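Below: the structure, in structure tokens.
The model shown is predicted, which means the values in this text are computed figures rather than measured ones. By convention in this document, chain letters (A, B, ...) are assigned in the order of the sequence lines, proteins followed by strands, and residues within each chain are numbered from 1.
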There are 4 protein chains.
Amino acid sequence: MATRKSTPDTSRRSERSRRAIYDAALALVAEVGYPKTTVEGIAARAGVGKQTIYRWWSSKADVLLEAFLDLTDQAAGQEPPALPDTGDLAADLKAVLRATVDELLDPRFEAPSRALAAEGVVNEEVGRQFVAALLEPQLQLYVDRLRAARSAGQVRPEVDPRIALELFVSPLAQRWLQRTGPISHAYTDTLVDYALYGLAPR
Amino acid sequence: MATRKSTPDTSRRSERSRRAIYDAALALVAEVGYPKTTVEGIAARAGVGKQTIYRWWSSKADVLLEAFLDLTDQAAGQEPPALPDTGDLAADLKAVLRATVDELLDPRFEAPSRALAAEGVVNEEVGRQFVAALLEPQLQLYVDRLRAARSAGQVRPEVDPRIALELFVSPLAQRWLQRTGPISHAYTDTLVDYALYGLAPR
Amino acid sequence: MATRKSTPDTSRRSERSRRAIYDAALALVAEVGYPKTTVEGIAARAGVGKQTIYRWWSSKADVLLEAFLDLTDQAAGQEPPALPDTGDLAADLKAVLRATVDELLDPRFEAPSRALAAEGVVNEEVGRQFVAALLEPQLQLYVDRLRAARSAGQVRPEVDPRIALELFVSPLAQRWLQRTGPISHAYTDTLVDYALYGLAPR
Amino acid sequence: MATRKSTPDTSRRSERSRRAIYDAALALVAEVGYPKTTVEGIAARAGVGKQTIYRWWSSKADVLLEAFLDLTDQAAGQEPPALPDTGDLAADLKAVLRATVDELLDPRFEAPSRALAAEGVVNEEVGRQFVAALLEPQLQLYVDRLRAARSAGQVRPEVDPRIALELFVSPLAQRWLQRTGPISHAYTDTLVDYALYGLAPR
DNA sequence: GTATAATCGAGACGGTACGTCCTGTCTTCGA
DNA sequence: TCGAAGACAGGACGTACCGTCTCGATTATAC
């Protein structure tokens, strides 16, 4: 009477099925969009019974979240877990944001991350996980870089890095998410300049 | 073939039904959330035939968008269509953002606007309408105010107001939408200060 | 608030769908057997939504029962609602039972009636309906004929016709239902002879 | 290829499990009915793996058939394998049929035997086994008793005992199976009288 | 008295069907 | 002619079982 129905045995889980489900979920979201992606469709495409999905995940959002995390974990393996620090804060931030722009425009990432972001807006549980697993680690890198810059005297000492980073990160995020404007390298360069030196004349 | 199927006679439209549908849609989104809000449910609650909804709107997102626009139009009627201009840019921005914070925290607005924002992230058509009808007019007020400030020499002449406003608006939007952090008056005050005077020491 | 969800409006029912469902149900039972006949299969074959079946019937047994009743009603229209009465009771009974044997061996009737009988054995509700709608009316004809014969002095006056008829009807029914033996014209002739004149020597 | 998959080693079979499976199957059929009795349910109740069932039986009908045979074998051990022969055919038949009536009304036997009969109606394989293992041996006892009576001159010499027995056995069977009428001692007494002495006046 | 091989409890797996809910279209009837 | 009502074809939901399969962990002969 140890094992409950609701907690399946992880050690006997089929790795093969999990991979197939990740692949199918990502492919379907990319091909037909999130709303038309169904659990039934994922199961069929993965060659898997529906129950195998419901056994390990609670919803299609949950499946996609894990699938996307898996995808980014693979990609993240190659990158260093820190922002570059050449001593030139503006240049470093611009470089990183340019890379982010490129990633946001990569159709391979666009469909699933947009879908997850949308789901997260409306579904608090998914939203929290999305932020905790994907967004926050990225933002923390900016915090670290800004803290270093502050120590080097390139940032005012009373500035809170966690808020400061939003000055250039959030505008990009909003333009992408809500399509309030185009995103480009020039745009993010401008954001960095504005943020570092302010709008008011010196 | 006089009357086409796709263009019902607007003059005969029942105002009564439209109001009932708006109310039902907003109430349901607030009560059970957007995903569990269905066209059938709206019709039943409004005491209306389903066809009456499909005759005038194309989807539940469309219904909710109009319902929400109607709601905000009522509220907006009382406000002036411009930001205050006391001559003190920082103070004016802080005041407006404080009001925005209050509105974002108002549960009456939260459910539907969050729902629409989420739908817009994933559904380009809805997204464009949402931005055009709700977001862009608001942002334009900031553009106007910043332009006035620039003329008054309180903002550097080379600054693009459409980008500049994102430095304090987008961080607030992202914290609210994606729950990346708490929002408060102190927070938006800080955003305005950082944005106007920059992160780098003077 | 007159009409309840559970009582759909009969007057708006689609005759077309009903016929298609009857046909599909009977065809499927004949082709693949009762256990492999599914509501989903009936709906697909009839070109009908599943809900249209569940709206009007409670189970596949219920569908099949009505479909079969409809089938027999069509056939029954041609027959007279009484057994022949030539004055020769034995001959009349033999003739009717021979016809019954032929019907029981007709594959068009076999599959659905066997299915219904089986369901009725285990499902009291279906069983009662099956008996009331199909069996009992038939048996009543024997009761009438036996009563007439009793009046004519061909049957002992103290004999209960409702029990008497079972002496030749039930053996045939059991051989067919439970496959306890072959059925043929010779067999039913013998049953009539045994039943009328008894097993004991005269 | 020494050992075939399809022929498990009988000598290593767990007697304990078999008993538990019989008990679980009979209990479930009695409690929830045959259709709601599942292989999975039997396995869970018996504290047995599903494969242990599928290793030794081919279907739930097969399990129940064996379980019921086992049950009746226990009961039959106490009875003599022949009908009483007091010299009075009518009395002997009435006594046996009264006992049968009692058994048919015993809820312990009713659920499983009804379930098996129903399955047998629709599933020829099960039907044949059910008849061969349970019905035919019983009927053979009647054949023997009638043959003895025929030798004693109490039954017409040209009467076929295999058909004759159906005159009183089948009506009882049909009333029970199809609920076409109540069953009682008085009823079976009447059947015997009618069958032995016929319906026609002497 | 151990090897050793099959059975055992357990339960994940690919599937199929269930019965429910909702979509978007269509038809009927009343105002 | 529009509105309330709701039947319709269709399709996805999440659940329950099917029958197969793969896991250690007992057994219980056969060495």
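Per the geometry, CZ belonging to A:Arg55 stands 14 Å off P belonging to E:dG15, to the nearest Å. F:dC17 atom C1' lies 14 Å from atom CG of D:Leu28, rounded to whole Å. Whole-Å rounding puts the C:Arg45 CZ to F:dG10 P distance at 16 Å. Separating the CD1 atom of A:Ile42 from the C1' atom of F:dC13 is a distance of 13 Å, rounded to the nearest angstrom. The distance between atom CD1 of C:Ile53 and atom P of F:dA7, rounded to the nearest whole Å, is 16 Å. Distance, A:Trp57 CH2 to F:dG14 C1': 16 Å, rounded to whole Å. Per the geometry, CD1 belonging to A:Ile21 stands 12 Å off P belonging to E:dG15, to the nearest Å. Spacing between atom CZ of A:Arg18 and atom C1' of E:dA12 amounts to 14 Å, rounded to whole angstrom units.
Without hydrogens or angle criteria, A:Lys60 side chain to A:Thr37 main chain gives a donor-acceptor distance under 3.5 Å.
Contact annotation for A:Trp56: backbone-only contact, meaning every heavy-atom pair under 4.0 Å involves sugar-phosphate atoms and none involves a base.
A sub-4.0 Å separation between OP1 or OP2 of F:dA9 and a side-chain N or O of C:Thr52 is present.
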message = Using salt bridge (Lys or Arg N to Asp or Glu O under 4.0 Å), reason through B:Arg45 and B:Glu40 one step at a time and then give a plain yes or no.
response = CA-CA 9 Å; B:Arg45 177 137 178 175; B:Glu40 216 150 59; over 6 Å; no
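Side-chain atoms of A:Pro35 and B:Val122, non-hydrogen and from C-beta on, do get closer than 4.5 Å to each other. Within the 4.5 Å cutoff, the side chain of D:Leu64 has heavy atoms near those of the D:Leu26 side chain. Side chains of D:Phe130 and C:Arg179 form no contact here, defined as non-hydrogen atoms less than 4.5 Å apart.
Taking a cutoff of 4.0 Å between a charged side-chain nitrogen and a carboxylate oxygen, C:Arg114 and D:Glu124 do not qualify as a salt bridge.
Rounded to the nearest 0.5 angstrom, D:Leu69 CG and D:Tyr22 OH are separated by 8.0 Å. From B:Ser58, atom OG reaches atom CD1 of B:Ile53 across 12.0 Å, with rounding to the nearest 0.5 Å.
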Pull out every protein N or O sitting under 3.5 Å from an N or O of nucleotides 24-30 of chain F, one pair per line with the distance.
from	atom 1	to	atom 2	distance (Å)
F:dA28	N3	D:Arg12	NH2	2.9

N/O-N/O pairs, protein side and nucleotides 20-22 of chain E side, under 3.5 Å:
from	atom 1	to	atom 2	distance (Å)
E:dC21	N4	C:Gln51	OE1	3.1

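If one axis is set at each end of the helix from E:dG1-F:dC31 to E:dA31-F:dT1 from five pairs, those axes are 20° apart, to 10°.
Among the nucleotides E:dC13, E:dG14, E:dC8, the one closest to the side chain of A:Arg13 is E:dC13.
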